[in-house]
Amino acid sequence: MKIIVPATSANLGAGFDSIGLAVNLYLTIEVLEKAEAWRIDHDLGVNIPTDEKNLLLTTLSAVLAQKKQHLSAKYHLKMSSDIPLARGLGSSSSVIVAGIELANQLAQLGLSDEEKLALACQIEGHPDNVAPALYGNLVIASSATKEVRAIKAKLPQCKLLAFVPDKELKTVASRQVLPETLSYAQAVAASAVANVLVASLLSGDLVTAGQMMKEDLFHEKYRSALVPELAAFREIGQTYGAYGTYLSGAGPTLMMLAPEEKITLLLQHLSEKNWQGCFYELEIDSKGLQVEKSLL
Ligand SMILES: Nc1ncnc2c1ncn2[C@@H]1O[C@H](COP(=O)(O)OP(=O)(O)O)[C@@H](O)[C@H]1O
Ligand SMILES: N[C@@H](CCOP(=O)(O)O)C(=O)O
């Protein structure tokens, strides 16, 4: 059995903790054979555990505990991923979604998508990565009310150009620079910008969506000091024809939405900056979580 989960790019500026996109970088988990102890083969570096301390298996354990279920066996697993770690492309969320599905499959839980999303939000704390990782495409979601609500949509036609810095930025660290509270007036203004962002995305108006991305009042201005490339990335995008630019997730990845015919020119000017990192031309993943040779 194989579980495949896409990377995700969250926030889209003003959609902080609520809007996210699934993109074509993937985490894959293969269940190999039963074993005396959990063992994960991977080439993701020494900081990623190869035993039950791995986020994949702590997630599995949490789900089984909540469902009052247990497994009669442990397994040898293979984990592969082309999702850059701690770069703002949802690597942790993809693992959480994979861990929920692994529990679902091995314990035959029969979880609905809604149940998987609710469990993922409990673990992650916000839906903007786990929802598109589960469903694919563009998802606008809220876990602020009793029920997690997620609206699936298609991103209007455009190309995605990401700059992924060499340096890591852990989400926990990036969230620490955010304010504890906003004033009533700030909250009303920030949510109004987010509302127009959503409306423009759903009506196919990427020009207005791009404007709203840079008018975010929730998080980017507090995080800009952690991602020095943001201002220049945004200026190049605006000057050479991108629809919009935003800090992908908690950063440091920067994402640009642009017409296909502008990508070459944008890449040319961005490359002249000689920043330490890589550019990725990404596509939307439209499938989300996939299981091959499901056990259910
Ligand atoms: N494939 C993986 N296996 C186990 N843990 C992972 C994996 N990918 C990410 N993680 C955990 O998630 C952390 C990165 O999560 P986070 O700081 O939220 O960054 P991001 O979600 O932007 O990649 C990693 O440091 C690691 O602890
Ligand atoms: N809304 C979150 C998104 C975190 O995304 P990640 O890809 O950096 O894990 C935030 O902005 O903190």
Side-chain angles (χ1 to χ4, degrees), residues 8-23 88 90 117 121 125-132 135-145 147-162 174-175 177-179 181-224 227 230-251 253-260 262 266 282 284 286:
T8 52
S9 177
N11 298 329
L12 280 75
F16 176 69
D17 272 9
S18 176
I19 304 178
L21 292 174
V23 295
L117 181 57
C121 288
H126 43 84
D128 51 335
N129 291 102
V130 291
Y135 291 127
N137 279 314
L138 168 71
V139 185
I140 300 104
S142 165
S143 57
T145 53
E147 298 283 321
V148 176
R149 299 286 182 205
I151 303 296
K152 305 166 208 168
K154 283 179 75 64
L155 186 75
Q157 184 59 39
C158 64
K159 295 298 281 183
L160 300 177
L161 179 59
S174 183
R175 290 178 80 92
V177 303
L178 300 179
T181 60
L182 292 178
S183 71
Y184 188 78
Q186 287 169 317
V188 169
S191 66
V193 172
N195 293 343
V196 175
L197 170 62
V198 171
S200 50
L201 286 168
L202 297 183
S203 57
D205 177 357
L206 281 175
V207 173
T208 304
Q211 286 295 324
M212 293 301 104
M213 287 174 191
K214 67 182 171 64
E215 299 295 338
D216 160 67
L217 297 170
F218 284 117
H219 70 113
E220 285 195 1
K221 62 182 178 180
Y222 306 105
R223 289 168 151 169
S224 55
V227 188
L230 174 57
F233 186 83
R234 177 156 283 158
E235 187 190 350
I236 290 169
Q238 276 179 207
T239 305
Y240 297 103
Y243 293 119
T245 57
Y246 65 92
L247 182 68
S248 180
T253 290
L254 298 168
M255 190 68 77
M256 190 176 282
L257 280 61
E260 181 158 11
K262 301 287 186 185
L266 286 160
L282 296 172
I284 288 289
S286 60

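None of these values were measured; they are calculated from a predicted model.
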Kindly indicate, with the supporting measurements, whether the criterion side chain to side chain contact (heavy atoms under 4.5 Å, CB included) is fulfilled by Ile151 and Val139. CA-CA 6 Å; Ile151 303 296; Val139 185; 5.9 Å; no
If you apply the rule side chain to side chain contact (heavy atoms under 4.5 Å, CB included), what do you find for Leu155 with Asn137, and how did you get there? CA-CA 7 Å; Leu155 186 75; Asn137 279 314; over 6 Å; no
Determine whether Asp216 and Asn11 satisfy the following criterion, side chain to side chain contact (heavy atoms under 4.5 Å, CB included), listing intermediate values before the conclusion. CA-CA 10 Å; Asp216 160 67; Asn11 298 329; over 6 Å; no
Could you go through Leu254 and Thr245, starting from their C-alpha distance and side-chain angles, then the distance that decides it, and tell me whether this counts as side chain to side chain contact (heavy atoms under 4.5 Å, CB included)? CA-CA 7 Å; Leu254 298 168; Thr245 57; over 6 Å; no
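The structure places CG of Asn129 at 12.5 Å from CD1 of Ile19, a figure rounded to the nearest 0.5 Å. Here the CG-CZ distance, from Leu247 to Arg234, works out to 8.5 Å after rounding to the nearest 0.5 Å. A distance of 4.0 Å separates OH of Tyr246 from CG of Leu12, quoted to the nearest 0.5 Å. Separation of atoms CD1 (Ile284) and CD (Gln157) is listed at 9.5 Å; rounding is to 0.5 Å. Atom CD of Glu147 is separated from atom CG of Leu117 by 10.5 Å, given to the nearest 0.5 angstrom. Within the model, atoms CG of Leu230 and CD of Glu235 stand 11.5 Å from one another, a figure rounded to the nearest 0.5 Å.
Within 6.0 Å of CD on Gln186 lie more than 12 heavy atoms contributed by other residues, nucleotides or ligands. Atom NZ of Lys262 is surrounded by 12 or fewer heavy atoms from other residues, nucleotides or ligands within 6.0 Å.
A donor-acceptor pair is defined here as one N or O able to donate and one able to accept, closer than 3.5 Å; no such pair exists between the side chain of Ser9 and the backbone of Ser248.
The shortest distance between side-chain heavy atoms of Leu138 and Pro132 does not fall below 4.5 Å. Between Leu282 and Met255, some side-chain heavy-atom pair lies under the 4.5 Å cut-off. Side-chain contact check for Asp128 versus Phe16: every heavy-atom pair is 4.5 Å or farther apart. Within the 4.5 Å cutoff, no side-chain heavy atoms of Leu182 are placed close to those of Leu217.
Smallest separation of non-hydrogen atoms from Gly15 and Leu197: N-CD2, 3.6 Å. Counting all heavy atoms, side chain and backbone alike, Gly249 lies closest to His219 at O-CE1, 4.2 Å. In terms of heavy atoms, Ala22 sits closest to Thr8 at CA-CG2, 4.1 Å. For Ser191 against Phe218, the heavy-atom pair with the smallest separation is N-CZ, 3.9 Å. Taking each heavy atom of Cys158 and Tyr243 in turn, the nearest pair found is CB-CE1, 3.9 Å. Considering all non-hydrogen atoms of both residues, Arg175 and Arg223 come closest at CG-NH2, 3.3 Å.
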